[in-house]
A.B. asks: 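Take a look at this one; I'll ask things after.
Below, chain A is the first sequence line, B the second, and so on; all start at residue 1. What you are looking at is a predicted structure, and each value in this text was computed from that prediction instead of being measured.
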2 protein chains.
Amino acid sequence: MDLPSPSATVFHAIESTIKEYRKFSQKKLSNAVSDMTIDQGLVLAFLDRYPEMSQKEIAALAFKDNASMTRMINLMVKKEYLERSINKLNRRRYKLEITPKGKNVLKTLTPIVLDNREKALEGVTEEELIQLEATLKKIKSNCNKP
Amino acid sequence: MDLPSPSATVFHAIESTIKEYRKFSQKKLSNAVSDMTIDQGLVLAFLDRYPEMSQKEIAALAFKDNASMTRMINLMVKKEYLERSINKLNRRRYKLEITPKGKNVLKTLTPIVLDNREKALEGVTEEELIQLEATLKKIKSNCNKP
DNA sequence: TGTTTATAATTGATATATCAATTATTTTTG
DNA sequence: CAAAAATAATTGATATATCAATTATAAACA
């Protein structure tokens with residue numbers, strides 16, 4: 001029994017698409033801000049929108065492992081994009097704050113990210129987008145079944 | 001200017017879908033073959049189908065960097081799934097061969113991968129699949145424009 | 001032919017992914 | 001309340017991702 005060529009499956013197409021988007025997006029981002037990855041930018045964006053988030057919650061939204069998130073945030077603290085302090089209400093979680101440097105980067109980065117998304121979706125109709133999300137959701141939920 | 005919540009974009013949906021599929025697929029695979037990742041399985045599958053492939057070509061199909069592929073293949077050689085020998089026709093590239101152990105794994109793994117794909121696509125119509133691939137292709141090509 | 005240029009693979013450095021084990025702190029419960 | 005269970009974060013080990021630099025070989029070309 002042979003596998004149909006793995007490069008012909010829809011999973012291959014999904015993966016290649018998201019990878020292209022990441023490369024494309026990272027390139028634009030690097031032109032504007034050195035020293036910042038897409039994922040680090042995402043962390044800033046999440047924290048900006050939900051300032052009370054714990055590392056664990058951010059990790060979940062960004063599809064990262066907790067351990068990875070710890071290390072990412074360590075780096076971002078070292079690079080002075082974030083500050084970690086003790087959360088007195090629950091000393092297991094930290095309080096994370098975006099530094100002024102982080103806020104600046106976020107300001108630079110925001111229009112770039114918006115533009116990236118727009119360019120990546122050029123010529124894709126609203127209808128197609130809805131259909132795309134619906135099909136992805138089906139696949140995702142199939143993978144979640146016990 | 002605020003970013004629309006990053007978790008609401010279609011890119012987020014694409015990424016989360018492929019990650020779910022990978023987890024799902026890896027879990028099934030690990031149950032049957034310890035010591036084998038999806039990507040290592042892919043390398044076996046590509047080599048099985050196209051025995052003359054160079055590391056570079058495999059890397060491209062599997063969306064890996066050449067450096068990553070070198071290290072992956074090193075590991076697979078160490079674990080005796082693959083054998084590397086010199087290609088006399090072009091001494092820059094290696095000849096890669098699947099060992100008997102590798103062939104066995106491939107045999108075990110093939111029906112599992114097929115089943116994974118099938119399960120993940122349950123309830124997705126042919127029409128939806130075609131539409132999905134078409135939209136992804138649009139996005140991908142947008143990201144490739146200079 | 002000898003020299004430049006291109007190609008395949010490797011290596012080093014650093015970041016991230018992943019799993020399992022550990023620590024420090026709540027929360028639950030008996 | 002004290003012991004047990006749960007939770008958030010960290011750490012260690014190993015694999016992979018990524019970029020830049022390097023090595024070995026082959027191809028192009030003057």
A.B. asks: Stems in DNA chain C: runs of 3 or more consecutive Watson-Crick or G-U pairs, distances under 3.5 Å?
C.D. replies: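 C:1-30 with D:1-30 - these are the stems of 3 or more pairs that involve DNA chain C.
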A.B. asks: In whole angstrom, give the distance that lies between atom CG of A/D39 and atom C1' of C/dT14.
C.D. replies: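 It is 15 Å, rounded to the nearest whole Å.
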A.B. asks: Taking 4.0 Å as the cut-off, does a side-chain nitrogen or oxygen of B/R93 come that near to OP1 or OP2 on C/dT10?
C.D. replies: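 For C/dT10, neither OP1 nor OP2 has a side-chain N or O of B/R93 closer than 4.0 Å.
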A.B. asks: Is it true that the side chains of B/Q131 and B/T135 contain a donor and an acceptor less than 3.5 Å apart?
C.D. replies: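 Yes.
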A.B. asks: Could you check how far CE of B/M76 sits from P of C/dA9, rounded to whole Å?
C.D. replies: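 Rounded to the whole Å, the gap is 15 Å.
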A.B. asks: A/L96 CG to D/dA9 P: how many Å, rounded?
C.D. replies: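 For the pair A/L96 CG and D/dA9 P, the rounded distance is 8 Å.
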A.B. asks: Might you work through the salt bridge (charged side-chain N to carboxylate O under 4.0 Å, His left out) test for A/R22 and A/D39, ending with a clear yes or no?
C.D. replies: CA-CA 10 Å; A/R22 278 185 161 272; A/D39 287 322; 3.1 Å; yes
A.B. asks: Between A/D115 and A/K28, is there a side-chain N and carboxylate O pair less than 4.0 Å apart?
C.D. replies: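 Looking at A/K28 together with A/D115, the answer is no, because their closest N to O distance does not fall below 4.0 Å.
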A.B. asks: Can you establish whether the number of heavy atoms outside B/K101 located under 6.0 Å from its atom NZ is more than 12?
C.D. replies: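 Atom NZ in B/K101 is packed in, count exceeds 12.
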A.B. asks: Using side-chain heavy atoms (C-beta onward) and a distance below 4.5 Å, is A/I14 in contact with A/I18?
C.D. replies: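 Contact flag for A/I14/A/I18 side chains = no.
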A.B. asks: For A/E80, enumerate each residue passing the salt bridge (Lys or Arg N to Asp or Glu O under 4.0 Å) test, keeping only those at least two apart in sequence or located in another chain.
C.D. replies: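 So A/E80 forms no salt bridge (Lys or Arg N to Asp or Glu O under 4.0 Å) with any residue.
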A.B. asks: Taking only side-chain N and O atoms of B/T70, does any of them lie within less than 4.0 angstrom of OP1 or OP2 on C/dT10?
C.D. replies: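 Affirmative; the distance criterion is met.
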A.B. asks: For nucleotides 24-26 of chain C, give me every protein contact, N/O to N/O, under 3.5 Å, one pair per line with atom names.
C.D. replies:
residue : atom : partner : partner atom : Å
C/dT26  : OP1  : A/R91   : N            : 3.1

A.B. asks: Under 4.0 Å, counting only non-hydrogen atoms across every strand here, what does B/R84 touch: a base, just sugar-phosphate, or nothing?
C.D. replies: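 Result for B/R84 = sugar-phosphate.
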A.B. asks: Rounded to whole Å, please give me the gap between CG in B/L75 and P in C/dT10.
C.D. replies: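 So the two atoms are 13 Å apart, to the nearest Å.
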A.B. asks: What pairs with B/K138 under salt bridge (Lys or Arg N to Asp or Glu O under 4.0 Å), at least two apart in sequence or on another chain?
C.D. replies: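 In terms of salt bridge (Lys or Arg N to Asp or Glu O under 4.0 Å), with neighbours along the sequence ignored, B/K138 is linked to A/E128.
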A.B. asks: Can you find a heavy atom in the side chain of A/L106 that is under 4.5 Å from one in the side chain of A/M36?
C.D. replies: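 Heavy-atom side-chain distance check fails, nothing below 4.5 Å.
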A.B. asks: Determine the interplanar angle of the B/Y21 and A/F11 rings, folded into 0 to 90°, and report it as parallel if under 30°, tilted if 30 to 60°, perpendicular if over 60°.
C.D. replies: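 Geometry flag for A/F11 against B/Y21: parallel rings.
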A.B. asks: Using whole Å, report how far CD of B/E57 lies from P of C/dA8.
C.D. replies: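 It is 8 Å, rounded to the nearest whole Å.
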A.B. asks: Grab the CG-C1' distance between A/L42 and C/dT16 for me, whole Å please.
C.D. replies: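 So the two atoms are 14 Å apart, to the nearest Å.
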A.B. asks: From CD1 of A/I86 over to P of D/dA8, roughly how many Å is that when rounded to an integer?
C.D. replies: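 Checked: the CD1 to P distance equals 17 Å.
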A.B. asks: With the criterion being N/O to N/O and under 3.5 Å, what pairs connect the protein with nucleotides 18-21 of chain C, and how long is each?
C.D. replies:
residue : atom : partner : partner atom : Å
C/dT18  : O4   : A/R71   : NH1          : 2.8

A.B. asks: Without placing hydrogens or testing angles, list every side-chain donor-acceptor pair under 3.5 Å for residues 88-97 of chain B, not counting sequence neighbours.
C.D. replies:
residue : atom : partner : partner atom : Å
B/N90   : OD1  : B/R92   : N            : 3.0
B/R93   : NH2  : B/E52   : O            : 3.1
B/R93   : NH2  : B/E57   : OE1          : 3.3

A.B. asks: Drop me the distance from A/K140's NZ to A/E133's CD, to the nearest 0.5 angstrom.
C.D. replies: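 Reported value, rounded in 0.5 Å steps: 10.5 Å.
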A.B. asks: Is the shortest side-chain N/O distance from B/Q40 to OP1 or OP2 of D/dA15 below 4.0 Å?
C.D. replies: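 No, no such contact exists.
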A.B. asks: Any non-hydrogen side-chain atom of A/D48 less than 4.5 Å from a side-chain atom of A/K103?
C.D. replies: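 The answer is yes, as the side chains (C-beta and beyond) meet within the 4.5 Å cut-off.
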A.B. asks: Using whole Å, report how far CG of A/N74 lies from P of D/dA9.
C.D. replies: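 Computing the A/N74:CG to D/dA9:P distance gives 12 Å.
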A.B. asks: Starting at the 5' end of DNA chain C and moving along, which residue's nearest nucleotide shows up first, B/Q55 or A/K78?
C.D. replies: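 Residue closer to the 5' terminus by nearest nucleotide: B/Q55.
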